[in-house]
Amino acid sequence: MLRNANSLMAKIQRPLVTHTFKGERFENHALDIDVLPDLHAYKELLVATAKELWKRHHPDRQRLPKNFEDSLSLKFNQVQEGSAAIPIYREVQAEDQTQLWKADESDELDQAVELIAQAIQATDADKPLPDQLPKNVIPLFEGYGSTLREDESFEQRPARSQTKASYTRKSRERLLQFSAAGYTDRIDFAGEVRAVDLAGRFEVKLDDSTKVPAKFSPEQESLVTEALSEHASRRLRVKGLAEYYPDGRIKGVTKVTHLEIRAAGEVPYDASARPIWEVIAEIGASVPEEDWAKVPNDLASNLDHYLYGAPKQKP
């Protein structure tokens, strides 16, 4: 008999990052209530980065997994010494004991923590931002650090690395300046080829009707023209680099590293998708035990009887 899911779920708390508020306001490990919005903005920055990383890792999936954001549960329950140090932990749910080891595996949220810290380090050292950092999350730094004063900083220490980043008003200003100027980032999308010219340019229409200009090399010409000639039934997958406007819209593809033709509407095999029997088991586990008790023991052999009133089968 399937049991209620809540009775089987084991909650695991594992360290994610220590976020320390440094400055006169935070002496004697006192946390000023005015800075709580910065913690919320930090979480939003991490979640947005984790989402973008997941999309990169699963380019053939159009949507995030169900309850993806709900699974990114961040909490803290103490303020430690050292100005005001907040050990932020992640609460993970495991369905049973066999899933406990998976809960400790590194994923996109852990990577997001590391990348945000590396981005701050790079900014302070006047170095390029990490290539893996999704550049469209940079505008979210506007909310993070909005309460910082001149003599203050936020120190980040990811739990899974030796990285230590000190975030100041200057760090925030530099990151926002980068965003205001537009940026270059990786792209991986599929769309309908709508136009091609002899100068090596083509245009791809995405599912949201956005039209993206790009250039192809002589070696890529045959794939692009084939996708154009069969545009009603074919889609062209494009991987490479693109320039973005400050608001996150694609300005144009600057470098194409990979092209691939696929059938329109084709959904490639996704090895990360959950097996159907796990989905069914989860649905069954959500049914209260008192409702399961009402199910007849001979339902499988006498389904027609319970549905249509047919005579019962003899044992």
Side-chain angles (χ1 to χ4, degrees), residues 44-64 108 111-112 114-116 118-119 122-123 127-142 174-228 230-231 234-268 270:
E44 287 189 324
L45 183 57
L46 294 179
V47 171
T49 304
K51 286 180 178 179
E52 293 300 318
L53 291 173
W54 190 94
K55 292 175 184 177
R56 282 186 182 177
H57 298 159
H58 305 83
D60 297 321
R61 297 282 294 274
Q62 295 184 352
R63 296 183 180 85
L64 292 165
E108 286 82 5
Q111 296 163 25
E114 182 68 24
L115 284 171
I116 295 302
Q118 289 177 1
T123 300
K127 294 182 178 179
L129 295 178
D131 179 57
Q132 297 84 359
L133 178 73
K135 305 305 186 296
N136 60 340
V137 305
I138 294 176
L140 294 177
F141 278 98
E142 183 170 3
R174 286 183 173 181
L175 283 160
L176 293 178
Q177 286 172 0
F178 175 91
S179 174
Y183 53 89
T184 298
D185 202 1
R186 299 187 226 177
I187 50 98
D188 186 348
F189 58 73
E192 178 186 359
V193 176
R194 299 299 298 268
V196 178
D197 65 26
L198 297 176
R201 295 186 294 262
F202 67 103
E203 183 180 81
V204 178
K205 180 181 178 182
L206 306 183
D207 291 339
D208 62 1
S209 297
T210 299
K211 295 179 180 179
V212 181
K215 291 185 177 182
F216 60 85
S217 67
E219 295 77 18
Q220 297 166 334
E221 181 177 358
S222 59
L223 273 175
V224 174
T225 53
E226 180 183 345
L228 175 65
E230 301 183 20
H231 69 94
R234 300 281 185 176
R235 295 295 178 265
L236 187 67
R237 180 179 179 183
V238 183
K239 297 175 69 174
L241 296 174
E243 288 185 349
Y244 285 78
Y245 292 107
D247 62 4
R249 292 179 297 116
I250 299 178
K251 185 177 182 179
V253 178
T254 57
K255 182 179 181 181
V256 175
T257 59
H258 176 77
L259 293 176
E260 174 189 334
I261 293 179
R262 61 173 55 160
E266 176 184 350
V267 180
D270 183 3

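Here the structure is a predicted model, which means the values were calculated and not measured. Numbers here are sequence positions counted from 1.
The number of heavy atoms from other shown groups lying within 6.0 Å of CD (E142) does not exceed 12.
With rounding to the nearest 0.5 angstrom, the CG atom of N136 is 13.5 Å from the CZ atom of R249. Once rounded to the nearest 0.5 Å, the distance linking CG of L45 with CG of L140 reads 6.0 Å. For the atom pair OG1 (T225) and CD (E230), the distance works out to 10.0 Å, reported to the nearest 0.5 Å. In this structure, E226 CD and L236 CG are separated by 9.5 Å, a value rounded to the nearest 0.5 Å. How far CD of Q111 is from OG1 of T49: 11.0 Å, rounded to the nearest 0.5 Å. Between atom CD1 of residue I250 and atom NZ of residue K211 there is a gap of 15.0 Å, rounded to the nearest 0.5 Å.
The shortest distance between side-chain heavy atoms of R186 and L241 falls below 4.5 Å. No side-chain heavy atom of I187 sits less than 4.5 Å from a side-chain heavy atom of V212. The side-chain heavy atoms of F178 and I138, taken from C-beta on, include a pair separated by under 4.5 Å. The side-chain heavy atoms of V256 and S217, taken from C-beta on, include no pair separated by under 4.5 Å. Within the 4.5 Å cutoff, the side chain of E192 has heavy atoms near those of the R235 side chain. Side-chain contact between V204 and F189 is present, with heavy atoms from C-beta onward closer than 4.5 Å. For the pair I116 and L133, the minimum side-chain heavy-atom distance is below 4.5 Å.
For D188 and K55, the salt-bridge test fails: no basic side-chain N is under 4.0 Å from an acidic carboxylate O. Salt bridge status for R56 with D185: present, with a side-chain N to carboxylate O gap under 4.0 Å.
Taking the six-membered ring where the residue is Trp, F202 and F216 present tilted rings, their angle falling between 30° and 60°.
Listed here is the closest heavy atom pair of A263 and R234: N-NH1, 4.3 Å. Considering all non-hydrogen atoms of both residues, A227 and I261 come closest at N-CD1, 3.9 Å. Here the shortest heavy-atom pairing between R262 and A190 reads NH1-CB, 4.4 Å. Counting all heavy atoms, side chain and backbone alike, A112 lies closest to A50 at CB-N, 3.9 Å. Among all heavy-atom pairs drawn from P128 and A122, the shortest one is O-CB, 3.4 Å. Here the closest heavy-atom approach between residue V193 and residue V224 is recorded as CG1-O, 4.2 Å.
In this structure a side-chain-to-backbone donor-acceptor pair under 3.5 Å is missing from K255 to V253. Under the 3.5 Å distance criterion, the side-chain polar atoms of R194 are left unmatched by any main-chain donor or acceptor of K205.
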